[in-house]
Enquirer: 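The structure is given below, and queries will be raised subsequently.
Keep in mind that the numbers below use all heavy atoms, side chains included, and drop hydrogens, waters and symmetry copies.
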Amino acid sequence: MDVVVVGSGPNGLAAAVTMARAGLSVTVLEAQPTVGGGARTLDLGLADGVVHDVCSAVHPMAWASPFFQAFGLERRVELLVPEVSFAQPLPDGRAGIAWHDLDRTVEGLDEDGPAWRSLVGALSRHTDDVVRVALGDKRSIPAGLLPGGLVGAARFGLGVAEQGTPAWGARFRGDVAPALLTGVAAHAISRLPSLAGAGTALLLASLAHAGQGWPIPRGGSGAIVAALVADLRAHGGTVVTDHPVRSRADLPAARCYLFDTTPRGLVDVLGDELPARRRAALERYRHGDAASKVDFVLSAPVPWEHPDVARAGTVHVGGTRAEMARAEADVHAGRHAELPMCLVSDPSVVDDGRRSGDLRPLWSYAHVPAGSDVDTTEAVTRHIERYAPGFRDVVVASRCVPASQMSHHNANYVGGDISAGAVDLPQMFARPTPTLDPYAAGVDGVYLCSAATPPGPGVHGLGGWFAASRALRREFGIRVRSVFAA
(Lines give C-alpha, C1' and ligand atoms only; values in the text may rest on other atoms or scores of the structure.)
Protein backbone atom coordinates (compact mmCIF):
# COMPACT_ATOMS: atom_id res chain seq x y z
CA MET A 1 0.00 0.00 0.00
CA ASP A 2 1.19 3.53 -0.73
CA VAL A 3 -0.68 5.68 1.82
CA VAL A 4 -2.59 5.22 5.06
CA VAL A 5 -4.56 8.15 6.48
CA VAL A 6 -5.57 7.95 10.14
CA GLY A 7 -8.81 9.84 10.74
CA SER A 8 -11.61 10.74 8.33
CA GLY A 9 -12.31 14.37 9.24
CA PRO A 10 -12.28 16.93 6.41
CA ASN A 11 -8.49 17.27 6.66
CA GLY A 12 -7.90 13.53 6.58
CA LEU A 13 -10.23 13.10 3.63
CA ALA A 14 -8.63 16.05 1.80
CA ALA A 15 -5.25 14.37 2.22
CA ALA A 16 -6.64 11.04 1.08
CA VAL A 17 -8.34 12.51 -2.00
CA THR A 18 -5.16 14.35 -2.96
CA MET A 19 -3.08 11.19 -2.69
CA ALA A 20 -5.61 8.99 -4.50
CA ARG A 21 -5.91 11.46 -7.38
CA ALA A 22 -2.14 11.17 -7.79
CA GLY A 23 -2.63 7.50 -8.64
CA LEU A 24 -1.56 6.12 -5.26
CA SER A 25 -3.28 3.36 -3.32
CA VAL A 26 -4.91 4.94 -0.26
CA THR A 27 -6.72 3.59 2.80
CA VAL A 28 -8.40 5.77 5.43
CA LEU A 29 -8.78 4.32 8.93
CA GLU A 30 -11.55 5.77 11.10
CA ALA A 31 -12.18 4.83 14.74
CA GLN A 32 -15.88 5.77 14.67
CA PRO A 33 -18.62 3.79 12.89
CA THR A 34 -19.24 6.74 10.56
CA VAL A 35 -16.83 8.95 8.62
CA GLY A 36 -16.50 12.72 8.75
CA GLY A 37 -15.11 13.73 12.13
CA GLY A 38 -16.59 17.15 12.92
CA ALA A 39 -18.56 17.31 9.66
CA ARG A 40 -21.06 14.51 10.16
CA THR A 41 -24.85 14.64 9.93
CA LEU A 42 -26.59 11.95 11.97
CA ASP A 43 -29.98 10.79 13.21
CA LEU A 44 -29.72 11.28 16.96
CA GLY A 45 -33.03 9.54 17.62
CA LEU A 46 -34.69 12.72 18.90
CA ALA A 47 -37.50 12.74 16.32
CA ASP A 48 -38.40 10.68 13.26
CA GLY A 49 -36.93 12.15 10.08
CA VAL A 50 -34.90 14.87 11.82
CA VAL A 51 -31.11 14.73 11.49
CA HIS A 52 -28.52 16.93 13.17
CA ASP A 53 -25.04 18.17 12.35
CA VAL A 54 -22.78 16.67 14.99
CA CYS A 55 -20.33 19.58 15.10
CA SER A 56 -19.96 21.98 12.16
CA ALA A 57 -23.12 23.24 10.48
CA VAL A 58 -22.40 26.43 8.49
CA HIS A 59 -19.56 26.51 5.96
CA PRO A 60 -18.01 29.75 4.66
CA MET A 61 -14.91 27.75 3.70
CA ALA A 62 -16.90 25.44 1.44
CA TRP A 63 -16.54 28.03 -1.32
CA ALA A 64 -13.56 30.05 -0.05
CA SER A 65 -11.03 27.30 0.71
CA PRO A 66 -8.38 26.92 -2.02
CA PHE A 67 -8.59 23.15 -1.54
CA PHE A 68 -12.34 23.04 -2.07
CA GLN A 69 -11.98 25.35 -5.06
CA ALA A 70 -9.44 22.98 -6.62
CA PHE A 71 -11.64 20.01 -5.71
CA GLY A 72 -14.72 21.66 -7.25
CA LEU A 73 -16.94 21.24 -4.20
CA GLU A 74 -19.53 23.73 -5.44
CA ARG A 75 -20.21 21.41 -8.40
CA ARG A 76 -20.78 18.47 -6.09
CA VAL A 77 -22.67 19.93 -3.12
CA GLU A 78 -25.54 22.41 -3.24
CA LEU A 79 -24.62 25.33 -1.03
CA LEU A 80 -27.72 27.18 0.19
CA VAL A 81 -27.09 30.84 0.96
CA PRO A 82 -29.14 32.56 3.68
CA GLU A 83 -29.98 36.18 2.93
CA VAL A 84 -28.63 36.99 6.40
CA SER A 85 -25.20 35.46 6.96
CA PHE A 86 -25.25 36.01 10.72
CA ALA A 87 -27.17 37.99 13.31
CA GLN A 88 -26.54 39.30 16.82
CA PRO A 89 -29.67 39.81 18.93
CA LEU A 90 -29.33 42.51 21.58
CA PRO A 91 -31.34 43.63 24.60
CA ASP A 92 -34.56 45.62 24.11
CA GLY A 93 -35.47 43.85 20.85
CA ARG A 94 -32.58 45.27 18.84
CA ALA A 95 -30.20 43.27 16.68
CA GLY A 96 -27.20 43.53 14.42
CA ILE A 97 -27.93 41.97 11.04
CA ALA A 98 -25.11 40.95 8.69
CA TRP A 99 -26.92 40.59 5.40
CA HIS A 100 -25.15 38.84 2.57
CA ASP A 101 -25.71 42.18 0.82
CA LEU A 102 -23.09 44.57 2.19
CA ASP A 103 -25.06 47.73 1.33
CA ARG A 104 -28.09 46.47 3.23
CA THR A 105 -25.89 45.70 6.23
CA VAL A 106 -24.33 49.16 6.18
CA GLU A 107 -27.74 50.80 5.96
CA GLY A 108 -29.00 48.87 8.99
CA LEU A 109 -26.05 49.86 11.15
CA ASP A 110 -26.94 53.57 10.96
CA GLU A 111 -24.12 55.75 12.32
CA ASP A 112 -21.68 52.83 12.32
CA GLY A 113 -22.53 51.75 8.78
CA PRO A 114 -19.58 53.66 7.24
CA ALA A 115 -17.22 52.16 9.83
CA TRP A 116 -18.42 48.64 8.95
CA ARG A 117 -17.95 49.36 5.24
CA SER A 118 -14.43 50.73 5.72
CA LEU A 119 -13.35 47.76 7.85
CA VAL A 120 -15.32 44.66 6.83
CA GLY A 121 -16.62 45.84 3.47
CA ALA A 122 -13.14 46.74 2.25
CA LEU A 123 -11.91 43.25 3.12
CA SER A 124 -14.87 41.62 1.38
CA ARG A 125 -13.53 43.07 -1.89
CA HIS A 126 -10.22 41.28 -1.27
CA THR A 127 -11.40 37.92 0.05
CA ASP A 128 -8.93 35.91 -2.04
CA ASP A 129 -6.05 37.79 -0.46
CA VAL A 130 -7.54 37.62 3.03
CA VAL A 131 -7.96 33.85 2.67
CA ARG A 132 -4.39 33.47 1.39
CA VAL A 133 -3.04 35.25 4.47
CA ALA A 134 -5.39 33.80 7.09
CA LEU A 135 -5.41 30.25 5.75
CA GLY A 136 -1.82 29.84 4.66
CA ASP A 137 0.73 27.48 6.17
CA LYS A 138 2.10 30.31 8.38
CA ARG A 139 5.62 29.44 7.25
CA SER A 140 5.79 30.91 3.75
CA ILE A 141 4.44 33.73 1.59
CA PRO A 142 1.17 32.40 0.15
CA ALA A 143 1.23 31.64 -3.55
CA GLY A 144 -0.46 34.37 -5.58
CA LEU A 145 -0.25 36.99 -2.86
CA LEU A 146 2.57 39.02 -4.42
CA PRO A 147 2.47 41.61 -5.73
CA GLY A 148 -1.21 42.34 -6.31
CA GLY A 149 -2.46 41.03 -2.98
CA LEU A 150 -0.48 43.33 -0.77
CA VAL A 151 -3.32 45.84 -0.41
CA GLY A 152 -5.75 43.22 0.85
CA ALA A 153 -3.12 41.64 3.11
CA ALA A 154 -2.20 45.02 4.60
CA ARG A 155 -5.85 45.90 5.25
CA PHE A 156 -6.34 42.57 6.97
CA GLY A 157 -3.23 42.99 9.12
CA LEU A 158 -4.15 46.50 10.19
CA GLY A 159 -7.70 45.42 10.96
CA VAL A 160 -6.45 42.57 13.14
CA ALA A 161 -4.11 44.93 14.99
CA GLU A 162 -7.05 47.24 15.68
CA GLN A 163 -9.74 44.72 16.60
CA GLY A 164 -7.39 42.47 18.56
CA THR A 165 -6.34 45.12 21.08
CA PRO A 166 -8.04 47.55 23.49
CA ALA A 167 -8.33 49.93 20.52
CA TRP A 168 -11.11 47.72 19.11
CA GLY A 169 -13.84 50.28 19.88
CA ALA A 170 -12.12 53.33 18.42
CA ARG A 171 -13.96 53.41 15.10
CA PHE A 172 -17.46 52.64 16.42
CA ARG A 173 -19.96 55.01 18.03
CA GLY A 174 -22.86 52.74 18.92
CA ASP A 175 -23.04 49.23 20.39
CA VAL A 176 -24.65 47.27 17.54
CA ALA A 177 -21.77 47.06 15.03
CA PRO A 178 -19.14 46.16 17.65
CA ALA A 179 -21.39 43.44 19.05
CA LEU A 180 -22.03 42.12 15.54
CA LEU A 181 -18.30 41.77 14.90
CA THR A 182 -17.51 40.39 18.36
CA GLY A 183 -20.01 37.57 17.89
CA VAL A 184 -17.85 36.38 15.00
CA ALA A 185 -14.63 36.79 16.98
CA ALA A 186 -16.11 34.46 19.59
CA HIS A 187 -15.76 31.57 17.13
CA ALA A 188 -12.14 31.46 18.31
CA ILE A 189 -13.32 30.52 21.84
CA SER A 190 -10.69 32.72 23.45
CA ARG A 191 -10.39 35.82 25.58
CA LEU A 192 -11.53 39.02 23.89
CA PRO A 193 -10.11 41.18 22.52
CA SER A 194 -7.33 39.03 21.10
CA LEU A 195 -5.38 39.02 17.86
CA ALA A 196 -6.47 35.46 17.12
CA GLY A 197 -10.12 36.39 17.72
CA ALA A 198 -9.78 39.49 15.53
CA GLY A 199 -8.27 37.44 12.72
CA THR A 200 -11.16 34.99 12.96
CA ALA A 201 -13.71 37.82 13.00
CA LEU A 202 -12.34 39.71 10.01
CA LEU A 203 -11.83 36.60 7.89
CA LEU A 204 -15.33 35.25 8.50
CA ALA A 205 -17.12 38.62 8.47
CA SER A 206 -15.56 39.54 5.14
CA LEU A 207 -16.66 36.22 3.64
CA ALA A 208 -20.21 36.92 4.83
CA HIS A 209 -20.56 39.67 2.20
CA ALA A 210 -18.76 37.88 -0.64
CA GLY A 211 -19.15 34.79 -2.81
CA GLN A 212 -21.59 32.32 -1.28
CA GLY A 213 -21.54 34.05 2.10
CA TRP A 214 -22.03 31.62 4.98
CA PRO A 215 -23.74 28.73 3.19
CA ILE A 216 -25.44 25.65 4.59
CA PRO A 217 -25.01 22.45 2.54
CA ARG A 218 -28.28 20.93 1.44
CA GLY A 219 -28.88 17.90 3.62
CA GLY A 220 -26.29 18.91 6.21
CA SER A 221 -22.53 18.94 6.70
CA GLY A 222 -22.39 15.26 5.84
CA ALA A 223 -22.92 16.23 2.20
CA ILE A 224 -19.37 17.63 2.11
CA VAL A 225 -17.99 14.41 3.58
CA ALA A 226 -20.02 12.32 1.14
CA ALA A 227 -18.57 14.26 -1.82
CA LEU A 228 -15.01 13.69 -0.56
CA VAL A 229 -15.58 9.99 0.09
CA ALA A 230 -17.20 9.51 -3.32
CA ASP A 231 -14.20 11.08 -5.04
CA LEU A 232 -11.77 9.04 -2.97
CA ARG A 233 -13.51 5.80 -3.93
CA ALA A 234 -13.76 6.87 -7.56
CA HIS A 235 -9.95 7.08 -7.57
CA GLY A 236 -9.48 3.68 -5.96
CA GLY A 237 -9.26 4.67 -2.30
CA THR A 238 -10.93 2.81 0.54
CA VAL A 239 -12.34 3.78 3.94
CA VAL A 240 -12.36 1.41 6.91
CA THR A 241 -14.56 2.41 9.87
CA ASP A 242 -14.53 1.02 13.42
CA HIS A 243 -10.74 0.82 13.17
CA PRO A 244 -9.11 2.76 16.02
CA VAL A 245 -5.35 3.26 15.74
CA ARG A 246 -3.81 3.14 19.20
CA SER A 247 -0.35 1.82 18.38
CA ARG A 248 1.95 1.04 15.48
CA ALA A 249 0.51 -2.50 15.48
CA ASP A 250 -2.87 -1.08 14.33
CA LEU A 251 -1.31 0.34 11.14
CA PRO A 252 -0.97 -1.69 7.95
CA ALA A 253 2.34 -1.43 6.11
CA ALA A 254 2.56 1.63 3.83
CA ARG A 255 5.10 3.98 2.27
CA CYS A 256 3.47 7.06 3.82
CA TYR A 257 1.22 7.84 6.78
CA LEU A 258 -0.86 10.97 7.39
CA PHE A 259 -2.44 11.52 10.81
CA ASP A 260 -5.62 13.57 11.14
CA THR A 261 -5.20 13.38 14.91
CA THR A 262 -4.04 15.49 17.81
CA PRO A 263 -0.28 15.77 18.38
CA ARG A 264 -0.76 13.56 21.45
CA GLY A 265 -2.54 10.98 19.30
CA LEU A 266 0.48 10.87 16.99
CA VAL A 267 2.81 10.47 19.98
CA ASP A 268 0.69 7.65 21.40
CA VAL A 269 0.97 5.69 18.16
CA LEU A 270 4.61 6.29 17.27
CA GLY A 271 6.07 6.49 20.76
CA ASP A 272 9.84 6.15 20.84
CA GLU A 273 10.06 6.23 17.03
CA LEU A 274 9.79 10.00 17.33
CA PRO A 275 12.97 11.98 17.98
CA ALA A 276 13.07 12.92 21.66
CA ARG A 277 12.97 16.69 21.06
CA ARG A 278 10.09 16.44 18.58
CA ARG A 279 8.15 14.18 20.89
CA ALA A 280 8.61 16.57 23.81
CA ALA A 281 7.51 19.52 21.68
CA LEU A 282 4.38 17.68 20.52
CA GLU A 283 3.53 16.73 24.08
CA ARG A 284 3.66 20.43 25.06
CA TYR A 285 0.88 21.28 22.56
CA ARG A 286 -1.88 23.16 24.39
CA HIS A 287 -5.60 22.61 24.09
CA GLY A 288 -8.02 25.47 24.60
CA ASP A 289 -11.39 26.32 26.04
CA ALA A 290 -14.34 24.19 25.15
CA ALA A 291 -17.84 23.85 23.77
CA SER A 292 -20.84 21.96 25.04
CA LYS A 293 -23.17 20.88 22.23
CA VAL A 294 -26.96 21.10 22.59
CA ASP A 295 -29.20 19.78 19.82
CA PHE A 296 -32.89 20.66 19.84
CA VAL A 297 -35.97 19.54 17.95
CA LEU A 298 -38.49 22.37 17.60
CA SER A 299 -42.17 22.40 16.68
CA ALA A 300 -41.90 25.88 15.14
CA PRO A 301 -39.23 28.45 14.23
CA VAL A 302 -37.37 30.16 17.06
CA PRO A 303 -39.58 33.14 18.02
CA TRP A 304 -36.84 35.77 17.78
CA GLU A 305 -38.01 39.15 19.05
CA HIS A 306 -36.29 40.92 16.14
CA PRO A 307 -37.87 39.46 12.96
CA ASP A 308 -34.76 39.69 10.77
CA VAL A 309 -32.82 37.41 13.11
CA ALA A 310 -35.10 34.61 11.89
CA ARG A 311 -33.61 35.03 8.39
CA ALA A 312 -30.08 34.24 9.55
CA GLY A 313 -28.26 30.97 8.96
CA THR A 314 -26.18 31.65 12.08
CA VAL A 315 -27.14 33.53 15.25
CA HIS A 316 -24.56 34.59 17.84
CA VAL A 317 -26.33 34.65 21.19
CA GLY A 318 -24.08 36.61 23.50
CA GLY A 319 -25.52 40.07 23.97
CA THR A 320 -23.36 43.18 23.89
CA ARG A 321 -19.62 43.32 23.23
CA ALA A 322 -18.96 43.82 26.94
CA GLU A 323 -21.17 40.87 27.90
CA MET A 324 -19.42 38.57 25.44
CA ALA A 325 -15.96 39.65 26.58
CA ARG A 326 -16.97 39.03 30.18
CA ALA A 327 -18.42 35.59 29.40
CA GLU A 328 -15.30 34.52 27.47
CA ALA A 329 -13.08 35.78 30.29
CA ASP A 330 -15.06 33.66 32.76
CA VAL A 331 -14.61 30.56 30.62
CA HIS A 332 -10.90 31.19 30.18
CA ALA A 333 -10.58 31.49 33.95
CA GLY A 334 -12.27 28.10 34.39
CA ARG A 335 -15.69 29.43 35.40
CA HIS A 336 -19.07 28.79 33.77
CA ALA A 337 -20.52 32.07 32.54
CA GLU A 338 -23.98 32.91 33.81
CA LEU A 339 -24.96 33.77 30.22
CA PRO A 340 -22.53 31.73 28.12
CA MET A 341 -21.61 32.63 24.56
CA CYS A 342 -23.82 30.51 22.32
CA LEU A 343 -23.86 29.81 18.60
CA VAL A 344 -27.19 28.81 17.10
CA SER A 345 -28.28 27.67 13.64
CA ASP A 346 -31.59 26.51 12.18
CA PRO A 347 -30.67 24.88 8.84
CA SER A 348 -34.30 24.79 7.74
CA VAL A 349 -34.11 28.59 7.25
CA VAL A 350 -32.77 27.69 3.80
CA ASP A 351 -33.20 23.90 3.59
CA ASP A 352 -36.82 22.78 3.74
CA GLY A 353 -35.64 19.20 3.48
CA ARG A 354 -34.33 19.35 7.04
CA ARG A 355 -37.89 19.56 8.36
CA SER A 356 -40.05 16.55 9.12
CA GLY A 357 -43.63 17.75 9.14
CA ASP A 358 -43.71 20.60 11.64
CA LEU A 359 -40.50 19.49 13.32
CA ARG A 360 -37.09 21.01 12.65
CA PRO A 361 -33.58 20.70 14.10
CA LEU A 362 -31.83 23.50 15.93
CA TRP A 363 -28.04 23.32 16.26
CA SER A 364 -26.33 25.07 19.17
CA TYR A 365 -23.33 25.05 21.41
CA ALA A 366 -22.20 27.01 24.44
CA HIS A 367 -18.67 27.98 25.46
CA VAL A 368 -17.59 26.34 28.71
CA PRO A 369 -14.33 25.62 30.58
CA ALA A 370 -12.24 22.76 29.20
CA GLY A 371 -13.35 19.39 30.50
CA SER A 372 -16.68 20.65 31.85
CA ASP A 373 -19.19 17.90 32.59
CA VAL A 374 -22.10 20.34 32.99
CA ASP A 375 -25.28 19.78 30.98
CA THR A 376 -25.79 23.22 29.40
CA THR A 377 -29.29 22.64 28.02
CA GLU A 378 -30.95 24.95 30.52
CA ALA A 379 -28.27 27.64 30.19
CA VAL A 380 -28.61 27.67 26.39
CA THR A 381 -32.40 27.64 26.57
CA ARG A 382 -32.42 30.52 29.05
CA HIS A 383 -30.02 32.57 26.95
CA ILE A 384 -31.99 32.08 23.73
CA GLU A 385 -35.21 32.98 25.58
CA ARG A 386 -33.64 36.30 26.49
CA TYR A 387 -33.99 37.28 22.81
CA ALA A 388 -36.75 34.86 21.78
CA PRO A 389 -39.48 34.87 24.44
CA GLY A 390 -41.43 31.63 24.22
CA PHE A 391 -38.54 29.58 22.84
CA ARG A 392 -38.95 27.04 25.61
CA ASP A 393 -42.52 26.38 24.45
CA VAL A 394 -41.45 25.19 20.97
CA VAL A 395 -38.80 22.75 22.20
CA VAL A 396 -39.96 19.18 21.63
CA ALA A 397 -36.74 17.33 22.45
CA SER A 398 -33.11 18.03 23.20
CA ARG A 399 -29.78 16.35 23.77
CA CYS A 400 -26.64 17.75 25.38
CA VAL A 401 -23.10 16.51 24.89
CA PRO A 402 -21.04 18.09 27.70
CA ALA A 403 -17.53 19.22 26.85
CA SER A 404 -16.06 16.28 28.73
CA GLN A 405 -17.83 13.89 26.35
CA MET A 406 -17.15 15.64 23.03
CA SER A 407 -14.09 13.46 22.45
CA HIS A 408 -16.30 10.35 22.50
CA HIS A 409 -17.43 11.10 18.95
CA ASN A 410 -14.25 12.88 17.85
CA ALA A 411 -11.01 12.08 19.65
CA ASN A 412 -9.48 15.37 18.45
CA TYR A 413 -11.88 17.36 20.66
CA VAL A 414 -9.86 16.94 23.84
CA GLY A 415 -11.87 18.22 26.79
CA GLY A 416 -14.40 19.71 24.38
CA ASP A 417 -11.82 21.79 22.49
CA ILE A 418 -13.50 21.81 19.07
CA SER A 419 -10.64 23.89 17.66
CA ALA A 420 -8.22 20.99 18.26
CA GLY A 421 -5.85 23.35 20.06
CA ALA A 422 -5.87 26.71 21.78
CA VAL A 423 -6.52 29.55 19.33
CA ASP A 424 -4.07 32.20 20.42
CA LEU A 425 -1.34 34.09 18.61
CA PRO A 426 1.58 31.78 19.45
CA GLN A 427 -0.30 28.64 18.48
CA MET A 428 -1.76 30.15 15.34
CA PHE A 429 1.78 30.66 14.04
CA ALA A 430 3.47 27.72 15.75
CA ARG A 431 0.95 24.91 15.40
CA PRO A 432 1.82 22.26 16.46
CA THR A 433 5.47 23.19 17.12
CA PRO A 434 7.66 26.14 16.05
CA THR A 435 9.37 24.22 13.24
CA LEU A 436 9.86 25.15 9.59
CA ASP A 437 7.69 22.22 8.51
CA PRO A 438 4.68 21.91 10.82
CA TYR A 439 3.41 18.79 9.04
CA ALA A 440 6.49 16.51 9.16
CA ALA A 441 6.41 14.27 12.23
CA GLY A 442 10.15 13.80 12.43
CA VAL A 443 9.90 10.21 11.21
CA ASP A 444 10.44 9.41 7.53
CA GLY A 445 7.16 9.14 5.65
CA VAL A 446 4.95 10.31 8.54
CA TYR A 447 2.95 13.58 8.56
CA LEU A 448 0.44 15.32 10.82
CA CYS A 449 -2.49 16.86 8.91
CA SER A 450 -5.18 17.75 11.45
CA ALA A 451 -6.51 21.11 12.66
CA ALA A 452 -3.53 21.07 15.03
CA THR A 453 -1.48 22.08 11.97
CA PRO A 454 -1.78 25.31 9.97
CA PRO A 455 -4.04 26.96 9.14
CA GLY A 456 -5.91 25.67 12.18
CA PRO A 457 -9.60 24.96 12.83
CA GLY A 458 -12.40 25.07 10.27
CA VAL A 459 -13.86 22.84 7.58
CA HIS A 460 -11.48 23.82 4.78
CA GLY A 461 -9.39 20.70 4.19
CA LEU A 462 -6.23 22.77 4.01
CA GLY A 463 -4.28 21.00 6.76
CA GLY A 464 -4.75 17.78 4.81
CA TRP A 465 -3.99 19.39 1.46
CA PHE A 466 -0.82 21.10 2.66
CA ALA A 467 0.48 17.95 4.35
CA ALA A 468 -0.37 15.77 1.35
CA SER A 469 1.34 18.24 -0.99
CA ARG A 470 4.58 17.87 0.95
CA ALA A 471 4.23 14.10 1.20
CA LEU A 472 3.59 13.75 -2.54
CA ARG A 473 6.66 15.78 -3.41
CA ARG A 474 9.04 14.21 -0.89
CA GLU A 475 7.90 10.60 -0.83
CA PHE A 476 6.66 10.14 -4.39
CA GLY A 477 8.11 12.99 -6.47
CA ILE A 478 4.68 14.31 -7.53
CA ARG A 479 3.62 17.97 -7.64
CA VAL A 480 0.17 18.53 -6.14
CA ARG A 481 -0.96 21.13 -8.70
CA SER A 482 -0.92 18.47 -11.41
CA VAL A 483 -3.25 16.30 -9.30
CA PHE A 484 -6.16 18.72 -9.67
CA ALA A 485 -5.25 20.10 -13.11
CA ALA A 486 -7.99 18.08 -14.76
Side-chain angles (χ1 to χ4, degrees), residues 4-16 28-42 53-57 61 187-190 221-222 224-225 228 239 241-247 250-251 257-270 282-293 365 367-368 370-372 401-424 427-428 431-433 438-439 441 446-468:
V4 169
V5 178
V6 179
S8 70
N11 282 312
L13 291 175
V28 178
L29 304 179
E30 169 56 51
Q32 295 292 322
T34 56
V35 297
R40 286 174 291 163
T41 304
L42 300 176
D53 293 312
V54 172
C55 185
S56 60
M61 300 305 164
H187 282 248
I189 317 184
S190 66
S221 298
I224 295 175
V225 170
L228 290 166
V239 179
T241 55
D242 290 308
H243 189 116
V245 176
R246 300 186 180 94
S247 70
D250 297 319
L251 290 172
Y257 298 93
L258 294 111
F259 282 74
D260 184 5
T261 68
T262 64
R264 183 71 214 197
L266 177 66
V267 170
D268 289 344
V269 173
L270 295 185
L282 291 171
E283 289 178 333
R284 287 194 297 269
Y285 184 75
R286 293 179 295 104
H287 285 277
D289 299 325
S292 169
K293 183 74 161 38
Y365 70 68
H367 295 176
V368 296
S372 166
V401 181
S404 61
Q405 297 179 25
M406 291 288 280
S407 62
H408 293 179
H409 69 258
N410 189 330
N412 290 1
Y413 295 163
V414 176
D417 172 15
I418 62 174
S419 298
V423 180
D424 55 25
Q427 263 192 192
M428 287 305 291
R431 294 169 87 94
T433 62
Y439 309 99
V446 180
Y447 298 83
L448 188 64
C449 70
S450 68
T453 64
V459 179
H460 42 59
L462 290 169
W465 198 36
F466 291 155

Enquirer: Given side chains that start at C-beta, do those of E30 and H243 come closer than 4.5 Å, heavy atoms only?
Expert: no
Enquirer: Ignoring hydrogens, what is the shortest heavy-atom contact between I418 and A291? Give both atom names and the distance.
Expert: CD1-CB, 4.0 Å
Enquirer: Which heavy-atom pair separates K293 from V54 by the least distance, and what is that distance?
Expert: CE-O, 3.3 Å
Enquirer: Taking the side chain from Q427 and the backbone from R286, do they hold a donor-acceptor pair closer than 3.5 Å?
Expert: yes
Enquirer: Nearest 0.5 Å please: distance from the OG1 atom of T261 over to the CG atom of D268.
Expert: 9.0 Å
Enquirer: Under a 4.5 Å cut-off applied to non-hydrogen side-chain atoms, are I189 and V423 in contact?
Expert: no
Enquirer: CE of M428 to OG of S190: how many Å apart, nearest 0.5 Å?
Expert: 10.0 Å
Enquirer: When you compare the side chain of L282 with that of P432, does any pair of heavy atoms fall below 4.5 Å?
Expert: yes
Enquirer: List the atom of A420, the atom of A451, and the distance in Å for their closest heavy-atom pair.
Expert: CB-CB, 3.8 Å
Enquirer: Search all heavy atoms of S56 against all heavy atoms of A39 and return the closest pair with its distance.
Expert: OG-CA, 3.6 Å
Enquirer: State the CG-CZ distance between L251 and R246, to the nearest 0.5 angstrom.
Expert: 12.5 Å
Enquirer: Just verifying a value: how many Å separate M406 CE and N412 CG, rounded to the nearest 0.5 Å?
Expert: 11.5 Å
Enquirer: Which value, rounded to the nearest 0.5 Å, describes the distance between I224 atom CD1 and M61 atom CE?
Expert: 11.5 Å
Enquirer: Mind running side-chain hydrogen bond (donor to acceptor under 3.5 Å, both in side chains) on D53 and T41 for me, showing each step along the way?
Expert: CA-CA 4 Å; D53 293 312; T41 304; 2.6 Å; yes
Enquirer: Looking at P454, is its backbone amide N or carbonyl O close enough to the side chain of Y439 to form a donor-acceptor pair, meaning the two atoms are under 3.5 Å apart?
Expert: yes
Enquirer: Less than 4.5 Å apart, side chain to side chain, heavy atoms only: is that true for S221 and V459?
Expert: no
Enquirer: Rounded to the nearest 0.5 Å, what separation is found between the NE2 atom of H409 and the CG atom of L42?
Expert: 9.0 Å
Enquirer: Sort out for me which residue in F259, Y257, Y285 forms a side-chain contact (heavy atoms from CB on, under 4.5 Å) with L266.
Expert: F259
Enquirer: Side-chain contact, heavy-atom cut-off 4.5 Å: R40 with S8?
Expert: no
Enquirer: Of all the heavy-atom pairs spanning V368 and A403, show the shortest one and how long it is.
Expert: CG2-CB, 3.7 Å
Enquirer: Any side-chain heavy atom of F466 sitting closer than 4.5 Å to one from C449?
Expert: no
Enquirer: Do D260 and S450 have side chains that get closer than 4.5 Å, going by heavy atoms?
Expert: yes
Enquirer: Please report the closest heavy-atom contact between A290 and D417, naming both atoms and the distance.
Expert: CB-N, 4.1 Å
